[in-house]
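Read the structure below first, then the notes.
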Protein chains: 2
Amino acid sequence: MRYSEQRETVFQILKETQSHPSADWVYDKVKSILPLVSLGTVYRNLGELEDLGVIKSFSMKGAIRYDGNVADHSHFICRKCNLMMDFQPKDISTSLHNGLPKNFIAESMEIQISGLCDNCKTHSKKRN
Amino acid sequence: MRYSEQRETVFQILKETQSHPSADWVYDKVKSILPLVSLGTVYRNLGELEDLGVIKSFSMKGAIRYDGNVADHSHFICRKCNLMMDFQPKDISTSLHNGLPKNFIAESMEIQISGLCDNCKTHSKKRN
DNA sequence: ATATAAATAGGAATCATTCCTGATTATATT
DNA sequence: AATATAATCAGGAATGATTCCTATTTATAT
């Protein structure tokens, strides 16, 4: 993979924020440094950085959010202002509140575990 | 809220499947019963049913999936075939495999807890 | 039976994301 | 330092999911 100022800039911006931004937010930030950058370039580089494993992504309310923090952590999401805050779950099954940031009110939890199902360990037909 | 055959049909279809479908999949099913139904109607009714609390939704790979099972449960997602299977987590923090369907390989876990942050408990400004 | 507000069909609009193409650029080689 | 070339880019079109709009239909209260 060749060096590019665009990719480096995208990466630095993600590393420096804790806001779990959308691609469009990153695009605006990159534009303030490289005014001619295109949205497609930002999307492509976000995808490449994710393939490299140096950033992560997940979806919130139907859109992709990116995260420069690849260490194991969970997210608290405020359903009103959409704040996303990192936290470390300790024993989730015993209480929704364990490990949550102070004074935050947890109303619902969503756990999604991803991997390979019994069928896909041995076959290749796509279901979706 | 007035009765409508369309809403009732959407609801029945969701109750009868375990496949965590997209709006479009539901639309196809409804069409086989009410051929003139429109996609907008399906989306609107899915939203209304969710507001009533009788179905749930969440996003997978950037698109909305619906679930007629509103009881507390978690999902295992196969990253290859996109199978989504319900399971009951027991003690997630001690092992990714606890409570998983037999022979499934868990590779990553995502936990999102939603509610109100400290700020939104008392103020109304949206951050978004 | 009638009135009326809610719900609909059909299609246009929007928004996030991906794809395409001709131009630019990092870098290996001379 | 100049050149070659494959990777990357900018700009914009295309796609796909979702929402919005409007004239028509329909459930239901009277």
Side-chain angles (χ1 to χ4, degrees), chain A residues 1-14 17 19-52 54-67 77 79 82 84 126-128, chain B residues 1-14 19-52 54-67 77 79 82 84 112 126-128:
Chain A
M1 171 176 286
R2 232 174 54 173
Y3 169 87
S4 94
E5 202 174 359
Q6 289 88 341
R7 185 184 310 115
E8 195 55 32
T9 306
V10 166
F11 182 55
Q12 287 311 319
I13 285 168
L14 261 180
T17 185
S19 70
H20 313 86
S22 66
D24 205 62
W25 185 95
V26 175
Y27 173 53
D28 281 343
K29 286 280 180 187
V30 177
K31 260 198 302 193
S32 72
I33 299 169
L34 305 172
L36 291 185
V37 76
S38 70
L39 182 56
T41 292
V42 170
Y43 269 105
R44 180 167 24 78
N45 280 311
L46 285 167
E48 285 165 358
L49 290 167
E50 189 176 6
D51 289 345
L52 288 176
V54 297
I55 69 172
K56 291 200 296 187
S57 81
F58 49 87
S59 62
M60 180 178 94
K61 307 200 172 175
I64 306 177
R65 295 303 191 99
Y66 296 90
D67 195 340
I77 301 171
R79 66 166 160 72
N82 292 323
M84 302 192 69
K126 281 228 178 189
R127 184 185 312 255
N128 191 4
Chain B
M1 169 175 284
R2 233 176 52 176
Y3 170 86
S4 93
E5 201 175 0
Q6 289 88 341
R7 185 184 310 116
E8 195 54 33
T9 306
V10 166
F11 182 55
Q12 287 310 321
I13 285 168
L14 261 181
S19 70
H20 313 87
S22 65
D24 205 63
W25 186 95
V26 175
Y27 172 54
D28 282 343
K29 286 279 179 186
V30 177
K31 260 197 305 192
S32 73
I33 298 168
L34 305 171
L36 290 185
V37 75
S38 70
L39 182 56
T41 292
V42 170
Y43 269 106
R44 180 169 24 77
N45 280 312
L46 285 168
E48 286 165 358
L49 291 167
E50 189 177 5
D51 289 346
L52 288 176
V54 297
I55 69 171
K56 291 200 297 186
S57 81
F58 49 87
S59 63
M60 182 179 92
K61 307 198 174 176
I64 306 178
R65 296 303 192 99
Y66 295 91
D67 194 341
I77 302 171
R79 65 166 162 72
N82 292 324
M84 301 192 70
Q112 299 206 356
K126 279 227 178 190
R127 185 187 311 257
N128 201 20

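In what follows, chains are A, B, ... by sequence order, proteins preceding strands, each numbered from 1. All values below come from the heavy atoms of this structure, side chains included, with hydrogens, waters and symmetry mates left out.
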Polar atom pairs between nucleotides 14-18 of chain C and protein, under 3.5 Å, N or O only, would you list them?
from: C:dT17; atom 1: OP1; to: A:I64; atom 2: N; distance (Å): 2.7
from: C:dT17; atom 1: OP2; to: A:Y43; atom 2: OH; distance (Å): 2.4
from: C:dT17; atom 1: O5'; to: A:Y43; atom 2: OH; distance (Å): 3.1

Original post:
Roughly how far, to the nearest 0.5 Å, is CG of B:L49 from OG of B:S57?
Top reply: 11.5 Å
Original post:
Going 5' to 3' on DNA chain D, which nucleotide is the first and which the last to come under 4.0 Å of a heavy atom in chain B?
Top reply: D:dA17 to D:dT28
Original post:
Shortest non-hydrogen contact from B:Y66 to B:S22?
Top reply: CD1-C, 4.4 Å
Subject >> Contact residues, residues 2-14 of chain B to DNA chain D [heavy atom, < 4.0 Å] >> reply: B:R2, B:Y3
Original post:
How long is the span from the CE atom in A:M60 to the CE atom in A:M84, to the nearest 0.5 Å?
Top reply: 5.5 Å
Original post:
Which residues pass the salt bridge (Lys or Arg N to Asp or Glu O under 4.0 Å) test with B:E50, sequence neighbours left out?
Top reply: none
Subject >> Least distance between heavy atoms, A:L46 atom then A:L14 atom >> reply: CD2-CD1, 3.6 Å
Which donor-acceptor pairs under 3.5 Å do side chains of residues 25-36 of chain A form with protein atoms, sequence neighbours excluded?
from: A:S32; atom 1: OG; to: A:K29; atom 2: O; distance (Å): 2.7

**OP:** Verify the neighbour count for atom CD of A:E5: are there more than 12 heavy atoms of other residues, nucleotides or ligands below 6.0 Å?
**Re:** no
**OP:** Would you name the heavy atoms of A:L39 and A:D24 that are closest together and state the gap between them?
**Re:** CD1-OD1, 4.2 Å
Subject >> Interface with DNA chain C, restricted to residues 26-35 of chain B and to heavy atoms under 4.0 Å >> reply: none
**OP:** Hey, could you give me the CZ/OG distance between B:F58 and A:S59, rounded to the nearest 0.5 Å?
**Re:** 10.0 Å
**OP:** Please name the pair of heavy atoms, one in B:H20 and one in B:R65, separated by the smallest distance, quoted to 0.1 Å.
**Re:** O-NH1, 2.7 Å
**OP:** For the residue pair A:R7 and A:V10, establish whether any side-chain heavy-atom pair is separated by less than 4.5 Å.
**Re:** no
